[in-house]
Amino acid sequence: MIEFRNVSKIYDNNVTALKNVDIRIERGEFVFLVGPSGAGKSTFIKMLLKEVEPTNGEIIINDSLDITKLKRGQVPYYRRKIGVVFQDFRLIQNLNVYENVAFAMRVIESSPKEIRKRVPMMLSLVGLSNKYKSFPHELSGGEQQRVALARAIVNNPTLLIADEPTGNLDPETAMGIMEILSDVNRAGTTVVMATHAKDIVDVMKKRVIAVEKGSIARDEKRGLYGYED
């Protein structure tokens, strides 16, 4: 599904963000990407989104597509297959809940009929059917993140990238978001989640890839946030 082959990234200020990274993530896996700030997690994610180019190496998607060779005009089509959830929600403030989720479908030119079918399904999945007319400022942080999740998965992505999705949430709300992410993963979507949330990682017991100083320091199939004794 995702393979980094000898990937390095050296920024213009000579900071090495990633160094000779070799990693493979299989289709349908749930992977936590952990490590201290500045370790290289954000660069890893930005490379998957084609926002940052590696200095060297290849990034292979679905065993055949080297996204480092994509032309600029091909990038939007590649991104259509990816759902993304951020720590700060990034909802459109002047659109209500229904419209925020529908917007993701309009971007890929889905039919009005398909939008009317899919959006209520996604809002039901995240438990917000009764909030479809509400605007972002009328929602709690947890509700806003659930809207962001519905928007990320409404187009049935093969890959969902979650960048600190529970960072602004209380523990109970955060676990609710994790339950939704688990449901999405069980339905077949590959999930890659960057996080500092030790408690969540330790409870979930999914694959943990730890990044330190730009290198893969640890890769455990059912790991914990910190090193096991």
Side-chain angles (χ1 to χ4, degrees), residues 1-5 7 18 21-35 40-51 57-68 70 75 77-86 101 104-105 108 110 114 118 121-127 145-146 148-166 174-195 197 199-211 216-225 228:
M1 173 65 183
I2 301 167
E3 187 173 4
F4 278 51
R5 298 177 180 171
V7 172
L18 289 178
V21 170
D22 286 294
I23 203 80
R24 181 176 175 85
I25 297 170
E26 301 294 345
R27 182 182 299 276
E29 278 199 279
F30 193 123
V31 177
F32 285 113
L33 192 65
V34 306
K41 301 190 306 297
S42 293
T43 297
F44 188 101
I45 285 176
K46 287 177 180 178
M47 284 184 177
L48 281 179
L49 293 172
K50 192 65 177 174
E51 292 179 355
E58 299 174 319
I59 302 173
I60 310 298
I61 305 295
N62 293 332
D63 295 321
S64 60
L65 177 65
D66 184 354
I67 63 171
T68 64
L70 285 180
V75 173
Y77 296 96
Y78 161 70
R79 288 178 180 163
R80 288 182 179 185
K81 301 174 184 177
I82 302 174
V84 188
V85 183
F86 298 98
V101 179
M105 296 190 71
I108 67 169
S110 297
E114 188 66 14
R118 290 282 298 172
M121 286 173 56
M122 294 302 102
L123 292 180
S124 176
L125 177 66
V126 301
Q145 191 60 292
R146 282 189 277 160
L149 253 176
R151 181 182 60 188
I153 63 178
V154 71
N155 291 324
N156 197 28
T158 56
L159 170 62
L160 178 63
I161 296 173
D163 190 3
E164 297 285 355
T166 62
M175 287 310 301
I177 294 297
M178 294 311 302
E179 288 174 7
I180 297 171
L181 286 173
S182 292
D183 289 342
V184 171
N185 175 244
R186 281 192 291 268
T189 298
T190 306
V191 177
V192 177
M193 175 174 162
T195 185
D199 291 348
I200 286 175
V201 175
D202 291 351
V203 167
M204 297 288 288
K205 290 184 171 60
K206 300 291 188 179
R207 183 178 177 187
V208 174
I209 297 174
V211 185
I216 303 300
R218 182 166 51 96
D219 183 359
E220 298 177 355
K221 288 296 182 183
R222 292 179 63 83
L224 303 176
Y225 186 91
E228 296 186 75

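To the nearest 0.5 Å, atom CD1 of residue I153 and atom CE of residue M121 are 9.5 Å apart. The structure places CZ of F30 at 4.5 Å from CE of M204, a figure rounded to the nearest 0.5 Å. We find the CD1-CD1 distance between I209 and I23 to be 4.0 Å, quoted to the nearest 0.5 Å. Summarising the geometry, atom CG belonging to L48 is positioned 6.0 Å from atom CD1 belonging to I67; distances are rounded to the nearest 0.5 Å. A distance of 11.5 Å separates CG of L149 from CG of L123, quoted to the nearest 0.5 Å.
Using a 4.0 Å cut-off between a side-chain N of Lys or Arg and a carboxylate O of Asp or Glu, K206 and E220 do not qualify as a salt bridge. In summary, K46 and E51 do not engage in a salt bridge, as defined by a charged side-chain N under 4.0 Å from a carboxylate O.
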Checklist entry - Which is it for R118 and N156 under the side chain to side chain donor-acceptor pair (under 3.5 Å) test, yes or no, and what are the steps along the way? => result CA-CA 10 Å; R118 290 282 298 172; N156 197 28; 4.9 Å; no

Next on the checklist: Does M193 form a side-chain contact (heavy atoms from CB on, under 4.5 Å) with I161? I'd like the steps, not just the answer.
Outcome noted: CA-CA 6 Å; M193 175 174 162; I161 296 173; over 6 Å; no

Item to check | Verdict with supporting geometry, T68 and D66, side chain to side chain donor-acceptor pair (under 3.5 Å) | outcome: CA-CA 5 Å; T68 64; D66 184 354; 2.5 Å; yes

Item to check | side-chain contact (heavy atoms from CB on, under 4.5 Å) evaluation trace for E29 with K221 | outcome: CA-CA 10 Å; E29 278 199 279; K221 288 296 182 183; 3.6 Å; yes

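The closest donor-acceptor contact from the side chain of T189 to the backbone of L159 lies at 3.5 Å or more, if one exists at all. With E3 contributing its side chain and I25 its backbone, the two residues share no donor-acceptor pair below 3.5 Å. Between the R146 side chain and the V126 main chain, a donor and an acceptor come within less than 3.5 Å of each other.
When all heavy atoms of E26 and M1 are compared, the closest pair comes out as C-CB, 3.6 Å.
Y225 has its ring centre no less than 6.0 Å from the ring centre of F32.
The shortest distance between side-chain heavy atoms of V211 and F44 does not fall below 4.5 Å.
By the side-chain contact (heavy atoms from CB on, under 4.5 Å) test, I108 is found to be paired with R80, S110, N155, residues two or more places apart in sequence or in another chain being considered. Partners of D219 under the side-chain hydrogen bond (donor to acceptor under 3.5 Å, both in side chains) rule, at least two apart in sequence or in another chain, are R207.
Within 6.0 Å of NZ on K50 lie more than 12 heavy atoms contributed by other residues, nucleotides or ligands.
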